[in-house]
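So the structure is just underneath, and the comments pick up after that.
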Amino acid sequence: DKTNKPIEGEIDLSKLGHKILKVKPDKDGFFDYVLPIDKYKIKFAREKIENFEILDKEIKILKQKKFNSAINYIKVIGDDTLVVADFHSVMYLNIQTLRLIKGGFKIDIPQDKNGLDLIDFSNAANCFVLGNPDAKEARVYNTESKRSFLKLDKHKHIISAVAIDPKSQLVFSGGDDGKTFGMEINSLKLACVLPTHKDTVTDIAFSSDSQWVATASYDKTISLYDLFKMTPSFQLTGHSAPVMKLLFYDDDTLVSVDRNSVLIIWDVKTGKTIKVLHGISDDIKCIVKADGFIFMGTALGYILIYNMKVN
């Protein structure tokens with residue numbers, strides 16, 4: 001304030017725009033700093049310098065490729081292939097050049113009433129799951145034959161998210177009632193029911209070792225569940241808009257994207273925020289990682305690449 005005394009609380013920045021202010025520490029090693037609460041509000045606080053970290057950073061895109069329609073799904077297969085899907089087809093791309101390679105096929109990919117994609121491939125791409133919101137069910141298909149061999153029909157409401165775990169042992173489906181069911185692919189038995197959200201489940205993601213499953217929701221939260229112990233872990237809060245996409249960058253790090261295209265990177269073990277990323281004006285429809293990079297497909301048909309190795 002005008003007396004140069006530390007201020008704690010909130011201030012409305014609607015007339016100033018959304019800016020993160022930086023100040024120098026005082027002689028005792030304390031920062032008077034601000035953190036964003038939403039688009040137009042920030043929080044003033046005071047903290048010791050060794051505990052201080054600037055979380056907000058502008059995202060930098062390394063490479064992109066334009067398609068004729070929205071990219072709704074991306075998955076890394078092996079070391080050099082991306083599986084990419086729009087509304088009516090599945091395509092395979094070289095991960096380095098983003099050029100099309102052989103193996104794609106035509107298929108109508110369902111979306112729920114909120115425009116959420118309802119498809120996921122196994123890590124080997126030998127099977128995939130498609131949700132059918134009209135029939136309130138999902139089916140798992142053999143990729144080569146395109147034939148269904150498993151049906152998920154536990155939901156009494158519309159299905160809004162589907163996913164296959166990295167070991168291809170479990171397939172999950174989430175609904176607009178906030179419920180998420182896990183089924184064993186081989187035995188066709190119910191494996192678990194995840195903590196219920198207060199609103200529609202928008203995405204489901206797994207750590208590479210299949211220990212953690214995370215669910216995102218329109219309720220602006222993320223739920224973490226330990227599949228090894230079959231117990232809930234953390235409920236992550238920090239987004240100011242519905243959380244639309246999730247990605248485990250590694251077994252200890254989770255990336256989430258909200259409807260405002262804000263990315264938050266989380267420490268899975270502590271449930272705390274590591275970094276907040278702003279700067280994308282397009283809607284992010286899907287997100288995957290490979291070799292230190294994050295690949296994002298957008299509503300305008302772009303593929304964006306972000307380097308996670310750069311602070």
Side-chain angles (χ1 to χ4, degrees), residues 53-67 70-86 90-101 103-104 117 119-125 163-166 203-214 216 222 236 238-239 243-258 260-269 273-311:
E53 180 180 5
I54 297 175
L55 299 180
D56 281 45
K57 295 180 181 293
E58 190 78 6
I59 207 162
K60 296 181 180 179
I61 304 305
L62 301 181
K63 189 179 296 184
Q64 62 186 24
K65 181 179 178 65
K66 182 72 170 67
F67 290 85
I71 301 299
N72 297 313
Y73 177 82
I74 304 177
K75 184 152 191 170
V76 177
I77 303 299
D79 296 326
D80 57 1
T81 304
L82 287 177
V83 176
V84 178
D86 57 19
V90 172
M91 298 165 282
Y92 295 90
L93 277 64
N94 180 279
I95 203 168
Q96 299 295 331
T97 64
L98 298 185
R99 292 180 179 177
L100 290 171
I101 56 180
D117 55 283
I119 184 173
D120 190 33
F121 277 79
S122 65
N123 275 3
I164 298 175
D165 87 295
D203 199 16
I204 305 167
F206 305 91
S207 59
S208 62
D209 59 0
S210 293
Q211 176 177 2
W212 301 104
V213 57
I222 300 160
L236 308 179
H239 283 282
V243 186
M244 306 305 293
K245 289 296 172 185
L246 297 173
L247 169 72
F248 277 90
Y249 174 70
D250 55 37
D251 291 339
D252 298 326
T253 310
L254 178 69
V255 181
S256 58
V257 183
D258 67 28
N260 293 333
S261 294
V262 174
L263 279 72
I264 297 183
I265 302 174
W266 307 87
D267 185 321
V268 173
K269 291 184 176 180
T273 301
I274 298 173
K275 192 181 300 182
V276 181
L277 300 171
H278 298 271
I280 297 178
S281 57
D282 195 359
D283 289 338
I284 299 174
K285 303 291 289 184
C286 49
I287 178 170
V288 296
K289 55 100 175 182
D291 193 27
F293 298 93
I294 291 178
F295 295 77
M296 293 164 282
T298 76
L300 295 180
Y302 286 92
I303 293 178
L304 311 177
I305 304 175
Y306 173 69
N307 189 351
M308 286 285 289
K309 297 177 181 178
V310 177
N311 294 327

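Heavy-atom basis, side chains included; hydrogens, waters and symmetry copies ignored. Keep in mind that what you see is a predicted model, and the values were worked out from it rather than measured.
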Taking the side chain as C-beta and beyond, is there a heavy-atom pair between [X] and [Y] under 4.5 Å?
X: Val268; Y: Asp251; result: no
X: Asp282; Y: Met296; result: no
X: Val76; Y: Ile95; result: yes
X: Asp120; Y: Lys75; result: yes
X: Leu254; Y: Trp212; result: no

Separation between [atom1] of [X] and [atom2] of [Y], rounded to the nearest 0.5 Å:
X: Ile264; Y: Leu236; atom1: CD1; atom2: CG; value: 9.0 Å
X: Ile280; Y: Leu304; atom1: CD1; atom2: CG; value: 5.5 Å
X: Gln211; Y: Asp252; atom1: CD; atom2: CG; value: 9.0 Å
X: Phe206; Y: Asn123; atom1: CZ; atom2: CG; value: 10.0 Å

Problem set entry | Check: Leu246 main-chain N/O paired with Asp203 side-chain donor or acceptor under 3.5 Å | yes
Exercise. Does Ile287 offer a backbone N or O that forms a donor-acceptor pair with the side chain of Lys245 under 3.5 Å?
Worked result: no
Considering the options [options], which one meets the side-chain contact (heavy atoms from CB on, under 4.5 Å) requirement together with [X]?
X: Leu93; options: Thr81, Val83, Leu100; result: Leu100
X: Val262; options: Leu277, Val276, Val257, Val243; result: Val276
X: Tyr92; options: Val84, Leu82, Ile101; result: Ile101

Kindly give the heavy-atom pair with the smallest separation between [X] and [Y], and that separation in Å.
X: Ile164; Y: Ser122; result: CD1-N, 4.0 Å
X: Ile74; Y: Gly297; result: CD1-N, 3.5 Å
X: Gly292; Y: Asn307; result: O-OD1, 3.5 Å
X: His239; Y: Asp258; result: ND1-OD2, 2.9 Å
X: Ser207; Y: Pro166; result: O-CG, 3.2 Å
X: Ser261; Y: Asp283; result: OG-CA, 3.7 Å

Problem set entry | Verdict with reasoning, Leu263 to Val255, per side-chain contact (heavy atoms from CB on, under 4.5 Å) | CA-CA 7 Å; Leu263 279 72; Val255 181; 4.1 Å; yes
Exercise. Has Phe121 got more than 12 heavy atoms of other residues, nucleotides or ligands less than 6.0 Å from its CZ?
Worked result: yes
